[in-house]
Amino acid sequence: MTEVRERTGVGAAEPRLEAREKVTGQALYAADRPVPGAAYAWPVPAAFARGRVNTVDTGPALAVDGVLSVLWHGNAPRLERSGDPHLRVLQTPEVTYRGQIVALVVATTPESAREGAEAVVIDARTAPADTVLRADHAGLYEPELVNGGYPGRLDKGDFDTGFGAAEVRVDATYHTPAEHHVAMEPHATTAFWEHGRLVVYDATQSSTAVRDSLATLFELPPQLVRVHNEHVGGGFGSKGAAKPNVVLAAMAARVVGRPVKLAMPRAAVFATEGYRTPTIQRVRLGADRRGRLVALGHESCSQSSRLVEYTEQAAVVSRVLYGVPNLATGHRVVRLDVPPPTWMRAPGDCPGAFALESAMDELAAAGNWDPVRLRIDNDAVTDAEGRPFSSRHLVECLLRGAERFGWAGRDPRPGTRREGRWLLGSGVAATTFPAITMPSTATARAISDDDFEVAVNAADIGTGARTVLRQIAADALGVDPGCVDISVGDSAIGPAPVAGGSMGTSSWGWAVTKACRQLRERIDGAHQGHVPPEGVATDADTTADLAARPDYARHAFGAQFCAVRVDPATGEVRVDRLLGVFAAGRIINPLTARSQLLGAMTMGVSMALMEQSVMDRRSGDFVTSDLSAYHVAVNADVPRIDVEVLEEEDPHLNPMGSKGVGELGIVGTAAAVANAVHHATGIRMRSLPITPAALLYASRGAYSARASTGGTT
Ligand code: MOS
């Protein structure tokens, strides 16, 4: 049987190139890399959240058979300062969070390293720790810039006057918990030194960033550091920059003079490799009688660590999603005795949209407006800074979604539909994520007329990056993808941005397009369309191309529709159906794009109903530190999910016309679920996750709460 394929380049549903390697166990991840004479490292975490390590008694650990070395701040090699203080591991006696690594045991086997780590005796002076985020915490301050480089505060018009004069108002506060990424592959590194050069195989979303951090910390020229990340088992932001594991492994390899493997134990991943900060967000919406927003206020509180200021940009989504004359958006952060939070899939927009899109549903209920109509009526023409959108099809997504979901004729009254013991409901939420592009380099080489090599230092973290980049290269060269060998995941290829911020395909793809088009021109111009026997090569850098782009607000949009059933006796919520309709520019590969959107929507259901990292407030310890305690959605929890992507042309992005799709699908999902739960039960869940216990607890006050719908008029 012959398979007839219409097209094989951009737009084709190409399966992942590395699929067979992965499912047959041939793909090598960071800790799998075979290296002769490897030693193994195991971390020793601080068992207190705040204090000083006086001394570390390494004797009992060194007495364990196979233990080669015990590193701690008293004997570890000195590191230079880097931009991220968290990377200066084992340099000072200070402990700033529970689980901070205070010693590292290196041994000939993982088992002896672990046994050694348990034998290390830490003598420390501890102090009471402050670990709880509260909206009235005295330490909260307004940072000038928040994550993503956005201004912390952005106001427009006169919020107080606008809100005061509004005819319909919502004033509500929403809570999102700390969450962990729990990528299947833990943070892991294989490191060795070779004639003064440092080579690492690292589980990272950016080998360029890791190379630069290691070069700084170990005072090496960047060309003496090589970082490989050919296969990465998920990241979701937690592997977006160099992390303690890679520095520890490199340090240990130097000390013991042989290759060192460090695969972080799962509990250490929870403690020290990053998490999504909890947020407390107050949203105030004011509308006129016809359902036009006249005032929007969004104030977010989040936490960071003593080591690093990281402010989740949760209110930034309110600068993009709706048009409103009077806007107040701000952020406050407090530095606590907790681990450094970091990026997690759709940082800012994801928790922010839970608050904003829940509040929009509350506004719709208060004004007796249809929630889809309310969103359409408040579509924006520019972002809050007055920039026009390069393309924006939120309204089309809402309309198409409503049609496909069967929204028409929905009875807005909550708690009125039953099927046996189940209460049924449906909800909607809007979605957006910035379409980011960053400078990248790439190279292309012609070996023969049907054999090309293209290299770009992308990280394929399970997204299909290498597959779509090969499609892009093939189109730019005007050949079949089968003629292109694509290389990724090696810092030696050249600088390229992180597989994060949904910027990968746009950024790497632009550089690939440029290198390949140059190559094609070179071949066609000088060689009558044939590759000369000695070959031709080109390289490209998109820094100048990006700087020349006009100033547009570039974002992808979408709408999510959700149907739930709720058992009022047990508080169980089942998501029956989830539909996402998105507009994200040109889709390079419908198969891998759908997989990204589907995965993110699944993660959104997980966020809505299950995920929460529980910290013991006295010890500062994340007690949910394994996958039996930290619940994520599994197959049985995932409903029927439908994904539709609208065609969207946008000439203001990059040569492919693509926007990112890695994060878009999680934004708004939790609000769609919570809004459906409200429609089913009449109970407004303003805190995540909506566990059976939380819903039952809230239902006890449901009748009194409904009589005075929290702050609406
Ligand atoms: Mo993603 S949180 O930008 O890796």
Side-chain angles (χ1 to χ4, degrees), residues 25 28-48 51-79 89-93 95 98-124 185-195 198-203 214 218 233 243-273 621 625-628:
L28 294 182
Y29 294 83
D32 302 333
R33 189 57 56 174
V35 282
Y40 299 84
W42 200 275
V44 179
F48 54 93
R52 284 173 71 87
V53 172
N54 296 326
T55 179
V56 172
D57 182 359
T58 60
L62 289 167
V64 171
D65 197 29
V67 169
L68 300 168
S69 180
V70 179
L71 298 177
W72 62 290
H73 78 260
N75 65 7
R78 295 297 96 192
L79 297 170
V89 289
L90 306 181
Q91 300 297 294
T92 73
V95 169
R98 165 107 184 195
Q100 190 167 348
I101 293 164
V102 291
L104 186 76
V105 177
V106 192
T108 53
T109 66
E111 292 78 10
S112 25
R114 182 179 192 165
E115 195 184 334
E118 278 158 14
V120 167
V121 181
I122 309 286
D123 175 54
E185 181 200 26
H187 292 66
T189 308
T190 299
F192 54 91
W193 294 79
E194 223 176 33
H195 317 296
L198 171 59
V199 180
V200 304
Y201 292 82
D202 191 38
L214 292 175
F218 290 94
K243 290 293 174 136
N245 54 288
V246 70
V247 187
L248 289 165
M251 195 183 243
R254 172 178 272 185
V255 170
V256 299
R258 53 201 271 189
V260 167
K261 288 178 184 248
L262 170 56
M264 294 295 264
R266 186 58 75 176
V269 174
F270 272 90
T272 196
E273 304 282 18
D621 192 17
S625 60
D626 61 36
L627 290 168
S628 68

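In this chain, numbering begins with 1 at the start of the sequence shown. Predicted, not measured: the structure shown is a model, and the values here were computed from it.
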If every non-hydrogen atom of [X] is compared with every non-hydrogen atom of [Y], which pair is closest and at what distance?
X: Thr190; Y: Ala31; answer: OG1-CA, 3.7 Å
X: Ala188; Y: Ala263; answer: CB-CA, 3.9 Å
X: Ala103; Y: Leu90; answer: N-CD2, 3.7 Å
X: Leu79; Y: Gln91; answer: N-OE1, 2.9 Å
X: Ala252; Y: Val260; answer: C-CG2, 3.8 Å
X: Phe218; Y: Val247; answer: CZ-O, 3.9 Å

Could you tell me if the side chain of [Y] sits less than 4.5 Å from the side chain of [X], heavy atoms only?
X: Arg258; Y: Thr108; value: yes
X: Val121; Y: Pro60; value: yes
X: Val35; Y: Lys261; value: yes
X: Val106; Y: Leu262; value: no
X: Pro186; Y: Pro265; value: no

Output the distance between atom [atom1] ([X]) and atom [atom2] ([Y]), rounded to the nearest 0.5 Å.
X: Asp202; Y: His187; atom1: CG; atom2: NE2; result: 8.5 Å
X: Asp621; Y: Phe270; atom1: CG; atom2: CZ; result: 11.5 Å
X: Tyr40; Y: Ser112; atom1: OH; atom2: OG; result: 10.0 Å
X: Leu198; Y: Arg254; atom1: CG; atom2: CZ; result: 8.0 Å

Worksheet item: When you look at Val53 and Val95, which way does the side-chain contact (heavy atoms from CB on, under 4.5 Å) test go after all the steps?
Response: CA-CA 7 Å; Val53 172; Val95 169; 3.9 Å; yes
Discussion item. Val120 vs Val44, test: side-chain contact (heavy atoms from CB on, under 4.5 Å). Steps then yes/no.
Written reply: CA-CA 8 Å; Val120 167; Val44 179; 4.2 Å; yes
Item to complete: Let me see the working for Ile101 and Met264 under side-chain contact (heavy atoms from CB on, under 4.5 Å), right down to the final yes or no.
Response: CA-CA 11 Å; Ile101 293 164; Met264 294 295 264; 3.5 Å; yes
Report all side-chain donor-acceptor pairs from residues 62-75 shorter than 3.5 Å, counting only partners two or more places apart or in another chain.
residue: Asn75; atom: OD1; partner: Trp72; partner atom: N; Å: 2.8
residue: Asn75; atom: ND2; partner: Val70; partner atom: O; Å: 2.8

Fill in: Donor-acceptor pair, side chain of Trp193 and main chain of Ala250, under 3.5 angstrom
yes
Fill in: N-O pairing of Arg266 and Asp626 below 4.0 Å
no
